[in-house]
Colleague: 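My questions will all concern the structure given below.
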Amino acid sequence: MPEECSVRFTRRYAEAPAEVWLALTEPESVGRWLRPGFPVPQTEVEPGRVLELEWRPPGEVPSVVRIEVAPDGAGTVLVLDHARVDATRGMGAMRFWQSTLERLPLEARR
């Protein structure tokens with residue numbers, strides 16, 4: 001069995017939680033900020049607050065991405081956990097999520 005790792009990011013956005021949530025879940029927005037290149041089924045664990053993504057890139061073992069959104073003053077704090085990542089792909093996962101989270105929610109407004 002391959003070794004696994006996980007990555008965790010915490011980001012703060014000036015936008016309200018409802019706007020960040022729409023950016024995360026609205027189909028057109030998802031295509032702009034996530035840009036995965038493969039289908040990513042979403043499950044709203046707690047609508048407006050917790051989202052899970054089934055992460056299944058071709059050639060990789062499936063993993064889970066959990067995103068939590070919470071108010072932070074007038075803005076939002078977002079925590080993204082990507083668990084069960086093949087350890088040999090951990091650094092790539094970190095780079096991917098870092099650049100992806102930089103596009104959110106700016107890409108959602110286009």
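Fair warning: this is a prediction, and the values are worked out from it, not measured in the lab.
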Colleague: Is it the case that the side chain of Arg49 and the backbone of Glu46 share a donor-acceptor pair, with hydrogens and angles ignored and the cut-off at 3.5 Å?
Modeller: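 A pair under 3.5 Å: no.
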Colleague: Any side-chain to backbone donor/acceptor pair from Ser29 onto Ala23? Under 3.5 Å, distance only.
Modeller: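 A pair under 3.5 Å: yes.
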Colleague: In this structure, would Val40 and Phe9 fall into the same cluster of hydrophobic residues linked by side-chain contacts under 4.5 Å?
Modeller: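 In one cluster: yes.
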Colleague: When rounded to the nearest 0.5 angstrom, what distance separates CD in Gln98 from CZ in Arg103?
Modeller: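 One gets 11.5 Å once the value is rounded to the nearest 0.5 Å.
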Colleague: What residues, two or more places apart in sequence or in another chain, satisfy side-chain hydrogen bond (donor to acceptor under 3.5 Å, both in side chains) together with Thr76?
Modeller: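 If we apply the side-chain hydrogen bond (donor to acceptor under 3.5 Å, both in side chains) test to Thr76, skipping adjacent residues, there are no hits.
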Colleague: Please check if Val65 and Met91 belong to a single hydrophobic cluster, counting links between Ile, Leu, Val, Met, Phe, Trp and Tyr side chain heavy atoms closer than 4.5 Å.
Modeller: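 Yes; Met91 is reachable from Val65 via cluster members.
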Colleague: Between Tyr13 and Val50, is there a shared hydrophobic cluster once you connect ILVMFWY residues whose side-chain heavy atoms come closer than 4.5 Å?
Modeller: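 Hydrophobic grouping puts Tyr13 apart from Val50.
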Colleague: Does Gln42 reach the side chain of Glu52, with side-chain heavy atoms less than 4.5 Å apart?
Modeller: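 They are not in contact (no side-chain heavy atoms under 4.5 Å apart), so the answer is no.
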Colleague: Hey, what's the ring geometry for His82 with Trp97, parallel, tilted or perpendicular (30° and 60° as the breaks)?
Modeller: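 Ring orientation of His82 relative to Trp97: perpendicular.
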Colleague: How far apart are the C-alpha atoms of Glu4 and Val85, what are their side-chain angles, what is the distance that settles it, and do they pass the side chain to side chain contact (heavy atoms under 4.5 Å, CB included) test?
Modeller: CA-CA 5 Å; Glu4 296 178 343; Val85 177; over 6 Å; no
Colleague: Does the pair Ile67 and Leu24 meet the rule for a side chain to side chain contact (heavy atoms under 4.5 Å, CB included), with working shown?
Modeller: CA-CA 9 Å; Ile67 302 170; Leu24 289 169; 3.9 Å; yes
Colleague: Which pair of non-hydrogen atoms, one from Pro36 and one from Trp55, has the smallest distance, and what is that distance?
Modeller: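 Heavy atoms of Pro36 and Trp55 come nearest at CB-CH2, 4.1 Å.
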Colleague: To the nearest 0.5 Å, what is the distance between OG on Ser6 and CZ on Arg66?
Modeller: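 These two atoms lie 13.5 Å from each other.
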Colleague: Between Phe38 and Val30, is there a shared hydrophobic cluster once you connect ILVMFWY residues whose side-chain heavy atoms come closer than 4.5 Å?
Modeller: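 Yes, same cluster.
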Colleague: How long is the gap from CG on Leu104 to CG on Leu80, to the nearest 0.5 Å?
Modeller: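 Those atoms lie 10.0 Å apart.
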Colleague: Which heavy atom in Cys5 sits nearest to a heavy atom in Ala87, and how many Å separate them?
Modeller: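 That closest heavy-atom pairing would be SG-CA, 3.9 Å.
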Colleague: In the single-linkage hydrophobic clustering (I, L, V, M, F, W, Y; side-chain heavy atoms under 4.5 Å), do Val64 and Leu34 co-cluster?
Modeller: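 No, it is not one cluster - the side chains of Val64 and Leu34 are not joined through contacts under 4.5 Å.
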Colleague: Quick one: pull up OG1 in Thr10 and CD in Glu68 and give me the separation to the nearest 0.5 Å.
Modeller: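 Atom-to-atom, Thr10:OG1 and Glu68:CD are 9.5 Å apart.
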Colleague: Measure the CZ-CZ distance between Phe96 and Arg35 for me, rounded to the nearest 0.5 Å.
Modeller: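 One finds 9.5 Å between CZ of Phe96 and CZ of Arg35.
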Colleague: Should we count CZ of Arg8 as having more than 12 external heavy atoms under 6.0 Å?
Modeller: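 Not buried by this count: 12 neighbours or fewer within 6.0 Å.
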Colleague: Ala83 and Ser63: which non-hydrogen atoms are nearest, and at how many Å?
Modeller: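 For Ala83 versus Ser63, the nearest heavy atoms are O-CB, 3.1 Å.
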Colleague: Could you list the residues that satisfy salt bridge (Lys or Arg N to Asp or Glu O under 4.0 Å) with Arg84, not counting sequence neighbours?
Modeller: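 None.
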